[in-house]
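The block underneath contains the structure these notes are about, expressed in structure tokens.
Everything numeric here is computed off the predicted structure, so don't read it as measured data.
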Amino acid sequence: MARGRIRARIRRSHLYTFACIRTQDAELEEPHQFEGPGYSRIVYCNEPRRHEKKPLNYCTNYISTTKYNIITFLPKAIFEQFRRVANLYFLLAAILSLTDVAPFSALSMIAPLAFVVGLSMAKEALEDWRRFIQDMKVNMRKAKVQKGDGVFGHKPWMKLRVGDVVKVEKDQFFPADLLLLSSSYEDGICYVETMNLDGETNLKVKRALEVTLPLEDDMAFKDFSGKIKCEDPNPNLYTFVGNLEYDRQIYPLDLSQILLRDSKLRNTAYVYGVVIFTGPDSKVMQNATKSPSKRSRIEKQMDKIIYVLFSLLVLISLISSIGFAVKTEYQMPDWWYLQPYIDSKLYDPTRPALSGLFHLVTALILYGYLIPISLYVSIEVVKVLQAMFINQDIHMYDEETGTPAQARTSNLNEELGQVDTILSDKTGTLTCNQMDFLKCSIAGMAYGTRSSEVELAAARQMASELDVRDSISSNKNGTDASEIELETVVTCKDVKDQKSPIKGFSFEDSRLMHGNWVKEPNADVILLFFRILALCHTAIPEENEETGAFTYEAESPDEGAFLVAAREFGFEFCRRTQSSIFVRERHPSSEQPIEREYKILNLLDFTSKRKRMSVIIRGEDGQIFLLCKGADSIIFDRLAKNGRMFEEPTTKHLNDYGEAGLRTLALAYRKLEEAEYSAWNNDFLKAKTSIGGDREAMLERVSDLMERDLTLVGATAVEDKLQKGVPQCIDKLAQAGLKIWVLTGDKLETAINIGFACSLLRQGMKQICITTNTDTSAQDSNEAVKENVVMQITNASQMIKLEKDPHAAFALIIDGKTLTYALEDDLKHQFLNLAVGCSSVICCRVSPRQKALVTRLVKEGTGKTTLAIGDGANDVGMIQEADIGVGISGVEGMQVYKILSFLQAVMASDFAIAQFRFLERLLVVHGHWCYKRIAQMICYFFYKNIAFGLTLFYFEAFTGFSGQSVYDDWYMLLFNVILTSLPVISLGVFEQDVSSEICLQFPALYQQGPKNLFFDWSRIFGWMGNGLYSSLIIFFLNVIIFYDQSFRSGGQTADMSAVGTTMFTCIIWAVNCQIALTMSHFTWIQHLLVWGSVATWYLFLLLYGMMSPVYSGNAFRLLVEALAPAPIYWITTLLVTITCNLPYLAHLSFQRCFHPMDHHIIQEIKYYKKDVEDRHMWTRERSKARQETKIGFTARVDATIRQLRGRLTKKYSTLPPQVAMPPS
Amino acid sequence: MMNSNAPSSSSGAAASTDSSAPRRNSKRPKYSRFTQQELPACKPILTPRWVISAFMLVSIVFIPIGVASLFASRDVVEIVNRYETDCIPQPSRSDKVKYIQSSEDKTCNRTLRVPKHMKQPIYVYYQLDNFYQNHRRYVKSRSDEQLKNSNSESDTSSCKPEGTIANGSSIVPCGLIAWSLFNDTYSFSRNNQQLTVNKKGISWKSDREHKFGKDVYPKNFQNGAIRGGANLTTSIALSEQEDLIVWMRTAALPTFRKLYGKIEVDLQENEIIEVTLQNNYNTYSFNGKKKLVLSTTTWLGGKNDFLGIAYLTVGGLCFFLAMAFTIVYLVKPRRLGDPSYLSWNRNPGGH
């Protein structure tokens, strides 16, 4: 608190020239006339109770994202369950089973349904409970609220009411939408981070009204009162209208006084505010959309299969009921033993049509086994277990933040294996939003020996690549390889370097460090360079009281990195007053640092339009300097004739830095004469105090006059620190055949830098920039701009079409403004075609809505699976829109968000991972596995139910289509629930075609998913055909074998239960052997479940036979007495089981023999341990196992090698060989 | 075969796994082979050797079984005599149903010739045809409760339409199945010497002892409006009425045999057996055949060539497949784990 007070003396607003100008004529503005609908909200400050009652009756600050509550859960959840067609069908069947129509007992229909529905509802309840807990965590957060008489105390967020006065302290979140009254700064300014709302990382400045500034301590609120009239709750984040009635005066309010819920107070000790909108009324919550329920592609396809099966079901039911009607009409009257004319509602030979109709219902229920009731529940169980494996994966656990991966919805697991396009956010996803000062170029000399991560990664790749390439080309050109290697060594040498412990600073060069810079030739320029770093900024230092070290609170992380760098070089920015900056300069000549004061005469701050910032300072020696930093193109345009001394080398360095993915800024200065300055300053002051709309333009013009004739000092290169492993991950994903689009809210340059850093862009790639010229767009009509965009897109498409070089790569870069045109209905497909033709696509300056629109365009336009990944609330739209949404949960320092803001990416996402790099494992390992598992599982499921269900149908033909089943009711009940469900679940949970390492080593295997090799119609129908075949074999072999003769030496003939039981035994064996053949990975669990299921069948038969015959009926002692002693029972089982599985075995062997798939070969290699014997082959195959891609650093290395080769061959042909190769 | 070591991917995803003590133990997934999906597993693959051996094994197992069961089936001596038409006197053949429903004497004599030596026990069956014992209406029309317990006599709800007689008192045994009990009878003689037919022990022991009550006696049986099949002696408990017990085990198919009794003497080849039968049962309404069957059994049961043939066919097919695969592997061998078959080597991509 004390520290805050000291700082509060600064009137921060004076720092800013352009932003945050207090309009002098604010008071003159007419307060908004609040009339009509939409502007009815009235808030009585400090009178929270008044808002609880009518007529205001505003909601509390309690938020809820749950779907159900205790009362609505049952009806709502049950309704949800029976919206599934299959469940509804089973419900109908269960209801009908209570009548005589049903072929089964009611219990055998209702029990599985209750089980299935109950399980799904339990899952729903659990998920909703988790949501509730999450909500409560937010709701129970404490806020400081005035409890009356100027005393502030803690209250949970949910207890906040409209009108409460709250005090929010630094780095806390605003609990509701507040009206800013005053802050720790004297002029009522505060800084707000709105990352959660719009994803922008720059701090925003908010300022209180002048009249409320005196309310600067707790006691001042004792008798505070006021009346706010404003707009009704609405989702618009960027507008606000209202006015404040205070002291019988009315003041207009705008957005700059509003602090939005879920944004964060930064760089300000505390603020006071009045709650205006609470809970669901707040702007953030108004923006919240219900996350759509997503279904995976496989599941959608499964629905189609279900329709196919349903048609089959209806077909055979019709056949059966027609058969029944015919039999009933023409034959049944003769069947005296049925007493056909007595008491025969369902079998009335006099009304065969009616009987047939009844029978249709019976048949629909009877053959219902074609549509597996347990399918949904098994899939649900499998997916939950798969999700558990994803959550438990230790390789996706982030040690630093302590977050494991989290599958938040389990129904998209297999979709992870089919992703085609990844749409990624930048800040917080690819980068950690931390800048490290890495390199600089001063006076035409490049400093900084450490390589950026991109360079390191590329170098590593290059080294390994060369090994492989050498062996392939078997050194037909010896010199070529060795020369390339030479180059690699240069870039590789600092691979092992330790990371520096200083945050924001990874510079390393002994020429500049430890004061050695004085020995450099241009020491004076270097000195100037350091001073610019230390002076040209708007940051505030903060001293750590224990260590005495300074940390800086800067508006952007770049600035922070510069200050840290300056500090490390010996120019420590230590104090800022209203008009001066104090820097502790440590010259190598003197031991003690000297504190120097620099008077800040003017500060021309940074805007995205100007792309530069300058300060005008007066040193202790009275000299006036303009120090300027800005984008290189801007600075180079403004250099004086004699200031271009270092332009050429600096440009080269800047290009290198750009290629290495670094953010660059050029630094320049201008020495000013006293007279020159005061003349300009007069103009400037005049502009500043002018009244009128063009004041800003005027200020800019005046500033522009000053920022000319600069002298170039050098350039800085800051690494926008990528998250760990991002380039590698992108490389792998690209090799797995995935396309990666970057959608960022950041500006074009930054986006391109990151494109380079991630190897999405590289030198030699043709960049297609589609932009609208900002200057002209203001005047030009919309049509003209659009025409321009159309033309650019058409030209670019033409260019791609005409390109002949197979290695040519294109990158599309488009900004948000242009995107608005490109996304219009008539243009979007053209745009998409262009984008698909490019290797990488970067969209910058896009709004959250545009992110979602682009995602939708890709999803719908290409018809392929999209995955969106992001971390901020601005990514929510995209995450919800994409087929799969992934949220980054573990970004360092953002732990709070997780509990706090529910409107952020993680809460909207389907999967949450701590770091972007885990995406590789999530997709390539888990996605691949889950896809194959689910695909195999569903195919098998249909197979087994067809194999079983059709036997019922065949039997019908032998019973006069009467609807009698050959099996006991209990067998049928247990078939799906117990006897065959566990093995298929184990298939769905544990199957691995190849191990996780191999998935990672052979990214090309991933393409099996997007190509949908395992769930295409041929495969599905193949399995169905297999089911049909099995059903025929099972039924007819059994029927013929047990035809009429005695089946054992005792002379007894087989009755229906004996035949049924034998047939059922055959089914159990056949389907379980089938699944064993399908699996390629047996742990003890699979063995237990598969063979255990068979054993369970016998055990069940035994136990069932031991029950009283009243319950077991004809199955009483069946196994013990009748079947087990009969050899024919066992022989038949063996025959049928083998015969059923023969075609599949033959097919499998045939396929492996003639058309082996990739994973077959790899399995064989592993099986024979060839990878150990022949390491060389293994490495070679690993490096080849990738999709053709033009992005990622491997592609970049390839391009470089190609380029070098090309150059070498040219050189050998045209130049004498002794010419050394130029370093590249 | 096992994946014991943590995957060391080039992505560095694995880098942080075994590092120093985690800060937040609570959230760190606990390492176990199960949760990391690294359980030791056997990963059999179908190598040519396996494939050929599997097919060979099947044929080696199946062909002997096939031969054995074919032999067993050939050992069975079976005499089948169809009598439903022959046992109706010529004049009545135009309206068989009327004949069978009349009360005249329906004794009929048949002679059987023993084709081969038949070892005792010789099983006597009756075979019905086109008789839907598996019809749902029929199958459901019984009450196991009532058959077992004398107390549950009134438990006839499932027996409709043969649950009660007109005055409402229950029928024991109730239901269509019991009601339509087969009532042809056979007696055999050889050289004018009566051959005893043992009718004990033709039903399942468990049925006699547990399913049909020892204290349950027939009641109101065949007293309904229409007479069905056989009548039962009211003084004999259901557990002793083995014909009923056999009949109550409904057959799976519309053609079925049921055990009638056992002849416990050997019959010599070419012996002539005289059969005196009472042709009572009405199969004429639905054109059902009736057959009298005498058969011996082997370990496999009755005559059943199909099983042996099926075994030989499948065994032969497997042998053929084994040979075919052997030839294929010899002619066009594919080295296992040959990387040139990998998709990226077959249609080389952009490199």
Side-chain angles (χ1 to χ4, degrees), chain A residues 334-339 342-343 347 392 394-395 397 399 402 404 725 728-729 732 920-921 958-960 962-964 995-997 1000 1004 1040-1041 1044-1049 1051 1053 1055-1056 1059 1081-1083 1109-1110 1117 1121 1127-1128 1139 1149 1152 1156 1158 1161 1163-1165 1167-1168 1170 1181 1184 1188, chain B residues 3 7 9 11-14 16-17 22-24 27 29 31 35 37 39 41-43 45-46 51 58 123 132 134-139 144-145 160-161 180 206 210-211 249-253 255 257 259 285-286 297 299-304 306-307 314 336-337 339 341-344 349-350:
Chain A
D334 300 332
W335 297 343
W336 59 267
Y337 50 89
L338 292 182
Q339 299 193 358
I342 300 169
D343 199 15
Y347 313 90
Q392 291 287 318
I394 217 156
H395 302 300
Y397 169 77
E399 290 286 343
Q728 290 88 334
C729 176
K732 284 275 177 189
E920 182 194 355
R921 197 177 167 83
F958 291 88
T959 64
S962 63
Q964 176 60 39
S995 66
S996 58
E997 297 118 273
L1000 293 167
I1040 297 172
I1041 290 171
D1044 58 2
Q1045 85 292 1
S1046 75
F1047 73 104
R1048 39 181 287 158
S1049 52
T1053 51
D1055 66 326
M1056 199 156 81
V1059 175
H1081 183 91
F1082 286 91
T1083 64
V1110 175
R1117 300 225 173 142
E1121 195 179 356
I1128 204 168
T1139 316
S1149 318
R1152 270 200 111 104
D1158 292 343
I1161 304 279
Q1163 282 168 1
E1164 284 165 9
I1165 294 178
Y1167 186 78
Y1168 288 109
K1170 283 198 173 178
E1181 293 310 324
K1184 278 158 82 181
E1188 187 187 346
Chain B
N3 316 320
S9 78
S11 75
S16 58
T17 48
R23 270 186 294 164
R24 269 160 276 217
K27 278 191 173 177
Y31 177 84
T35 58
Q37 309 190 59
L39 284 174
C42 82
K43 301 170 186 165
I45 56 169
L46 280 174
V51 171
V58 172
Y123 295 98
Y132 286 89
N134 55 13
H135 196 282
R136 186 148 71 101
R137 182 172 163 92
Y138 190 79
V139 171
D144 284 330
E145 193 78 25
K160 272 184 257 176
S180 59
S206 60
H210 300 280
K211 240 171 128 173
R249 283 217 167 244
T250 51
L253 298 171
T255 303
R257 274 179 204 172
L259 199 51
S285 307
F286 49 88
T297 60
W299 58 273
L300 199 60
K303 197 161 190 61
N304 188 359
F306 178 80
L307 191 66
V314 175
L336 286 180
Y341 278 85
L342 290 164
S343 63
W344 48 89

**OP:** Test B:L253 against A:V1059 for side chain to side chain contact (heavy atoms under 4.5 Å, CB included), laying out the working first.
**Re:** CA-CA 10 Å; B:L253 298 171; A:V1059 175; over 6 Å; no
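Between the side chain of B:N134 and the backbone N or O of A:F958 there is at least one donor-acceptor pair closer than 3.5 Å. Looking at B:R137, its side chain does come within 3.5 Å of a backbone N or O of A:Q339 through a donor-acceptor pair. Checking side-chain atoms of B:Y132 against main-chain N and O of A:Y337 turns up no donor-acceptor pair under 3.5 Å. A:T1053 places a side-chain N or O within 3.5 Å of a backbone atom of B:R257 that can act as its donor or acceptor partner. Remark: the backbone N or O of A:G1051 is not paired with any side-chain donor or acceptor of B:T297 at under 3.5 angstrom.
Heavy atoms of B:K303 lying under 4.5 Å from chain A belong exclusively to its backbone. Only the side chain of A:Y1168 comes within contact range of chain B, with at least one heavy atom under 4.5 Å from a heavy atom of that chain. In this structure, the portions of B:Y138 lying under 4.5 Å from any heavy atom of chain A include both its backbone and its side chain.
To the nearest 0.5 Å, atom OH of residue B:Y341 and atom CD1 of residue A:I1161 are 8.0 Å apart. With rounding to the nearest 0.5 angstrom, the CD atom of B:Q37 is 10.5 Å from the OG1 atom of A:T1083. Between B:L307 atom CG and A:Q1045 atom CD the span is 9.0 Å, to the nearest 0.5 Å.
Contact record, B:Y123 with A:S1049: OH-O, 3.1 Å, taken as the closest heavy-atom pair. The nearest pair of heavy atoms linking B:L300 to A:I1128 is O-CD1, 3.7 Å.
Here the side chains of B:I45 and A:R1152 are in contact, with some heavy-atom distance below 4.5 Å.
Note on A:Q392, A:R1117, A:Q1163, A:K1170: by heavy-atom pairs under 4.5 Å with chain B, the leading option is A:Q392. Contacts with chain B were tallied for A:V1110, A:D1044, A:I1041, A:T1139; A:D1044 has the most, counting heavy-atom pairs under 4.5 Å.
Ring planes of B:H135 and A:W335: perpendicular class, angle over 60° (limits at 30 and 60°).
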